[in-house]
Amino acid sequence: MIDNVELPVGFAFELARHSEIMTQFARLPEEKRVSIVEGARHITSKNEMRQYVENMFEGSAQ
């Protein structure tokens, strides 16, 4: 949870599968984490969720 905002199950599952991405996600400011979670809420397939999580930090300085 992020300040009483529940994570989508598929998103939480994919984060758990990618510990380095989970660590980067946890270090983000709350506003950015909430934005990423809101984006995850619109994803409807496992494959798309996996790609979303795997590409969250692609091209960033994180």
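Side chains included, hydrogens not; waters and symmetry mates left out as well; all remaining heavy atoms used.
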Taking every non-hydrogen atom, the tightest pair across [X] and [Y]:
X: V53; Y: I21; result: O-CD1, 3.5 Å
X: F57; Y: F25; result: CZ-N, 3.5 Å
X: M56; Y: L15; result: CE-CD2, 3.9 Å

Is there a donor-acceptor contact under 3.5 Å from the side chain of Y52 to the main chain of I36?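 Yes: the side chain of Y52 pairs with the backbone of I36.
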State whether the side chain of T23 and the backbone N or O of S19 hold a donor-acceptor pair below 3.5 Å, judged by distance alone.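 Checked: pair present.
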What is the distance from atom CE of M49 to atom CD of E54, rounded to the nearest 0.5 Å?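 Reported value, rounded in 0.5 Å steps: 12.0 Å.
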Once rounded to the nearest 0.5 Å, what's the spacing between atom CD of E58 and atom CD of Q51?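 Here the rounded value is 10.5 Å.
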Step through the shown structure and confirm whether more than 12 heavy atoms of other residues, nucleotides or ligands are within 6.0 Å of CD on E31.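 At most 12 heavy atoms, drawn from other residues, nucleotides or ligands, come within 6.0 Å of this atom.
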So R50 and N47, do their side chains get closer than 4.5 Å, heavy atoms only?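 They are in contact (side-chain heavy atoms under 4.5 Å apart), so the answer is yes.
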Hey, is E30 close enough to R33 for a salt bridge, meaning N to O under 4.0 Å?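 Result for this pair is no, no salt bridge flagged.
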Is there a side chain to side chain contact (heavy atoms under 4.5 Å, CB included) between H18 and E20 once you walk through the steps? CA-CA 6 Å; H18 299 85; E20 68 286 347; 3.9 Å; yes
With N55, which residues qualify under side-chain hydrogen bond (donor to acceptor under 3.5 Å, both in side chains), at least two apart?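 Residues passing side-chain hydrogen bond (donor to acceptor under 3.5 Å, both in side chains) with N55: none at all.
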